[in-house]
2 protein chains.
Amino acid sequence: MPASTDRLARTLSQHGLRQTPVRRGVLEVLAGAAFALSGSEIEQQLPAGTDRITLYRTLKSFEESGLIHRVIDSSDVVRYAACSIECSAEAHFDNHVHFKCTTCQHIYCLNQVAIPAVTLPAQFQAVSRDYLLAGVCRECQPAG
Amino acid sequence: MPASTDRLARTLSQHGLRQTPVRRGVLEVLAGAAFALSGSEIEQQLPAGTDRITLYRTLKSFEESGLIHRVIDSSDVVRYAACSIECSAEAHFDNHVHFKCTTCQHIYCLNQVAIPAVTLPAQFQAVSRDYLLAGVCRECQPAG
DNA sequence: ACCCAAAAAGTTACAATGTTGCACGTGCAA
DNA sequence: TTGCACGTGCAACATTGTAACTTTTTGGGT
C-alpha cells in the first residue's frame, strides 16, 4: 500500500469515516486540487462510472465531518475545497479569503490572507464569514 | 399614472431598457424587497402566469444594465437585489457586506457596512469583492 | 476466518433551476 | 402609422441535486 493511500486512509478514520473506494477517490481529488471544485468537476476526475448520487452523498458527509468546506461562488454552483489540517467536525477554521479568477475560472483558497472583521449593526449576530474576491490570478496575468 | 409607475418607467429608460409589464413588475418587486430574492421567489411575487423564461432573461438584462446585482449565497441558488442609485452598467458600487440569516434565510444588504480591504499576494489583481456574513438577524433574535 | 448489523453504494425516479431555438407580438422612433 | 429590433411565450432540453428503496460493502465481534 503506497504512502499516499495510507495517508488518505488515516484522514478518513480520523474523521470517523469508513474506508471506501469512492471516499478515497474524492478525498484524493480534493486534496490534490489547487482550487475549489464543483460536484461535476470532481466527478470528471474520478474513475469513469462513479455514481453521481454517491458522490453528492460523499461530499455531504465530508462536509459534515469537517473534512471539506463549501466555497461560495458568484455563479450558481457549489464548490468544495479540502479543509486545512486543523479543521474538525466541531469547528472549521476556514478563516481565509477566496479568489476567483475571471479568466481561468479557478477559485483559490488564499490561506495566508485572513478575513478582516466588520462591525455589524445592533442585533445582528454573525457566526460565519465568507470573503470572495474576483479578478485575475497569478497564472493569468498578462505577461510583463 | 401613479407616481411609483412613473419612477419605475424612468429607471428603465435611464438604463436603456424598454417599458414592458414584466420589466416593470420585476423592478417593482426587487425595489420593494428588503432582502435579496432568488428567481423563483421573484416569480412568486409577480402576477400569476408570468413566464419563467422571460423572467430569467429580464434578470439577465437588468444585471447587464447595472440595475440589479447578484448576491452571493452559501446555498446553490443565485439571488438578486436592486442596486443602489449610483450603480450603472459601467460600474457597480456594491461595496457593502451581505448578511444571511440562518433562521429566516433572508439575505440583507447592509448598505452602511463597507467591505474592508485585504492585501493580496503578489500578482493577484482583484476587481470585485463580496463579503457574506451568516448568523441571526435583527428580526430573529431570541427575545431578551 | 466468518457472521452480522450498520453504513455506504447503486438504481430509478423525480424536482428545481436555468438555457436554447424559434415563432410571434409589441415598444418606440422615424 | 409603419418598420423592425427587441422582448415575449412556448416547447424542448441540460444540469444539478434529492428521495425512496434495494443491494453491496465495511468493520467489529465471535
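These figures come from a predicted structure and were not determined experimentally. Hydrogens, waters and symmetry mates are skipped; everything else that's a heavy atom, side chains included, is used.
For the segment residues 37-48 of chain B, no residue has any heavy atom less than 4.0 angstrom from an atom of DNA chain D.
Looking at the side chain of B/Val77, the nearest of the listed nucleotides C/dT17, D/dC21, C/dT20 is C/dT17. For A/Tyr56, the side-chain atoms get nearest to D/dT16 when compared with the rest of D/dG9, D/dT16, C/dG18. Of the listed nucleotides (D/dC10, C/dT11, C/dA9), C/dA9 has the atom at the smallest distance from the side chain of A/Thr20. Of the candidate nucleotides C/dG27, C/dG10, C/dT17, C/dG27 has the atom nearest to the side chain of B/Arg18. Nearest to the side-chain atoms of A/Ile53 among the listed nucleotides C/dT11, D/dG17, C/dC22 stands C/dT11. Of all nucleotides listed (D/dG27, C/dG10, D/dT16), C/dG10 comes nearest to the side chain of A/Asp51.
Judged by atom type and distance alone, B/Arg52 does not reach the base of D/dG9 through any side-chain donor-acceptor pair under 3.5 Å. The base of D/dG7 has none of its N or O atoms less than 3.5 Å from a complementary donor or acceptor on the side chain of B/Arg23. In terms of polar N and O atoms assigned as donor or acceptor, the side chain of B/Arg57 comes within less than 3.5 Å of the base of C/dG21 in a complementary pairing.
For A/His69 and A/His96, the ring centers sit closer than 6.0 Å to each other.
Judged by closest nucleotide on DNA chain D, B/Leu17 is the one of B/Gly49 and B/Leu17 placed further toward the 5' end.
B/Thr54 comes within 4.0 angstrom of a nucleotide base, judged by non-hydrogen atoms across all strands. Heavy atoms of B/Ser61 sit nowhere under 4.0 angstrom from any nucleic acid atom.
Looking at every heavy atom in both residues, A/Cys137 comes nearest to A/Tyr108 through SG-OH, 3.2 Å.
Between B/Phe124 and A/Phe99, the two ring planes are perpendicular [angle over 60°; tilted spans 30° to 60°].
Two residues are said to be in side-chain contact when any heavy atoms from C-beta on lie closer than 4.5 Å; A/Leu37 and A/Arg79 fail this criterion.
The shortest distance between the side-chain N/O atoms of B/Ser13 and the OP1/OP2 oxygens of C/dG27 is not below 4.0 Å.
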